[in-house]
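All values derive from a computational prediction rather than experimental measurement. First the proteins, then the strands, lettered A, B, ... as listed; each starts at 1.
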Amino acid sequence: MCGRYYRRSDKQRIAEAFRLGKLAELPLEVAPSFNIAPTTMQPVIVADRDTGERTMRVMRWGLIPVWAKDPKAMGLSTINAKAEGLMEKPMWRTPFKKRRCLVPADGFYEWKKLDAKTKQPYAFRLKDNQPLAFGGVWEHWKALDGSLEWDTFSIITTEPNELTASVHNRMPVILKPSDYERWLDTTDLERPPVDLLRPYDADLMSAHAVDPRVGNVRNNEPGLCEAFECPPNSA
DNA sequence: CCAGACGTTGTT
DNA sequence: GTCTGG
DNA sequence: CCAGACGTTGTT
DNA sequence: GTCTGG
């Protein structure tokens, strides 16, 4: 799973990390966020199908299928797409072949269930503290009456690596910079990059417990993704 | 052919 | 839109 | 993903 | 318990 993540990069830094041209033409302002939740508007990277030029676009997290009449109908079930079913399931097949994107981030949060009442959030990121990219797919949705139009995206999940498995049973697909080009190139519909749908190398990642205040989406400060000393048990 | 479903995660 | 089931 | 709300009627 | 909002 991947239901919350963080991104330290602003628009300028995203443009550098993903080698975007024409920074001035990029949409809106993009501020860092340390508590990114589903249904919010977030920057993603796509490539022009003809020229291959990379651009940033702002989309809603939580993919709405083209056929959905009610944008709320899918609920939370489309914030993630299981890598195992991308080529088989009708809902994901076309987006995966024709509309892949990179989701700029620095890391993600997972909650570990300690007991029936207690859970502890953890932050995961790269050991070298570099920005990273989740593998994503996107879709364009338009209301039947044409009153609403949205681009929406979903983050692909896969089996956990050794590090994330200690907290949860899924993790987002993370792509290496050397794979960005092939991921974004959607011209070859016969050979989508299924080989990139695998857990990231656990040795290159770090994990640490963070402040449980990250659970509330209203909290959003840099400290949320930093290591947090749990208060000693008073028992 | 048409009708109907189409999704993930976690929890029970 | 696209796939499955009947 | 988690947090927080979840309701009606009448009066101001 | 279940739905909505972020």
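Of the listed nucleotides (C:dG1, C:dC3, B:dT9), C:dC3 has the atom at the smallest distance from the side chain of A:Arg93. Ranking D:dC1, B:dG7, B:dT9 by closeness to the A:Pro90 side chain, first place goes to B:dG7. When the nucleotides C:dT2, C:dC3, B:dG7 are ranked by their closest atom to the side chain of A:Met74, B:dG7 comes out on top. Listed nucleotides B:dC6, E:dG6, B:dG10 differ in distance to A:Trp67; the shortest reach to its side chain belongs to B:dC6. When each of B:dT8, D:dA3, B:dC6 is scored by its nearest atom to the side-chain atoms of A:Lys119, the top-ranked nucleotide is D:dA3. Taking only side-chain atoms of A:Asn216, from C-beta outward, the nucleotide of B:dG7, D:dA3, D:dC1 with the closest atom is D:dA3. When each of D:dC1, B:dG7, D:dA3 is scored by its nearest atom to the side-chain atoms of A:Trp111, the top-ranked nucleotide is D:dC1. Distances were taken from every side-chain heavy atom of A:Arg218 (C-beta onward) to each of D:dC1, B:dG10, D:dA3; the shortest belongs to D:dA3.
At whole-Å resolution of the value, CD in A:Glu139 and C1' in B:dC6 are 12 Å apart. For the pair A:Lys69 NZ and B:dG4 P, the interatomic distance rounds to 11 Å; values are reported in whole Å. Atom pair A:Lys97:NZ and C:dT2:C1' shows a separation of 11 Å (rounding to whole Å applied). As a whole-Å value, the separation of A:Phe124 CZ from D:dC1 P is 15 Å. Residue A:Met87 contributes atom CE, which lies 11 Å from atom P of C:dC3 at whole-angstrom precision. Look at NZ on A:Lys112: it is 17 Å from P on D:dC1, rounded to the nearest Å. The CG-C1' distance, from A:Leu224 to D:dA3, rounds to 15 Å in whole Å. Here B:dT9 presents its P atom at 8 Å from CD of A:Glu84, a figure rounded to the nearest Å.
Within the structure, a side-chain polar atom (N or O) of A:Lys89 is placed less than 4.0 Å from OP1 or OP2 of B:dT8. For the OP1/OP2 pair of B:dT9 and a distance below 4.0 Å, the side-chain nitrogens and oxygens of A:Arg170 include at least one atom meeting the criterion. Between A:His168 and B:dG10 there is a side-chain N or O to OP1 or OP2 distance below 4.0 Å. Between A:Thr157 and B:dT8 there is no side-chain polar atom (N or O) within less than 4.0 angstrom of OP1 or OP2. Applying the 4.0 Å criterion to OP1 and OP2 of B:dT11, one finds that A:Lys113 has a side-chain N or O inside that range. The side chain of A:Asn169 places an N or O atom within less than 4.0 Å of a non-bridging phosphate oxygen (OP1 or OP2) of B:dG10.
When the C1' atom is used for both B:dT8 and D:dC2, the distance is 16 Å, rounded to whole Å. For the P atoms, the distance from C:dC3 to B:dG7 is 12 Å, rounded to whole Å. One C1' atom belongs to D:dG10, the other to E:dT2, and the distance between them is 29 Å to the nearest Å. With both ends at atom C1', the span from D:dA5 to B:dC6 equals 30 Å, rounded to whole Å.
Side-chain contact check for A:Arg99 versus A:Thr94: some heavy-atom pair is nearer than 4.5 Å.
Figure legend: cation-pi geometry between A:Arg100 and A:Phe96, with NZ or CZ positioned under 6.0 Å from the six-membered ring centre and within 45° of its axis. The side-chain tip of A:Arg57 points at the ring of A:Trp138 from less than 6.0 angstrom away and within 45° of straight on.
A donor-acceptor contact under 3.5 angstrom links the side chains of A:Gln42 and A:Thr40, judged on distance only. Side chains of A:Tyr6 and A:Arg125: a donor on one and an acceptor on the other come within 3.5 Å.
Formation of a donor-acceptor pair under 3.5 Å by the A:Asp185 side chain with backbone atoms of A:Asp188 is not found in this model.
Using the six-membered ring where Trp is involved, A:Phe124 and A:Phe108 have ring planes that are parallel, under 30° apart on the 30 and 60° scheme.
For E:dG6, its base sits under 3.5 Å from the side chain of A:Thr39 at one donor and acceptor pair at least.
With a 3.5 Å ceiling on both atom-pair distances, the Watson-Crick or G-U wobble partner of C:dC3 is B:dG4.
Using a 4.0 Å heavy-atom distance criterion, A:Pro38 is classed as a base contact.
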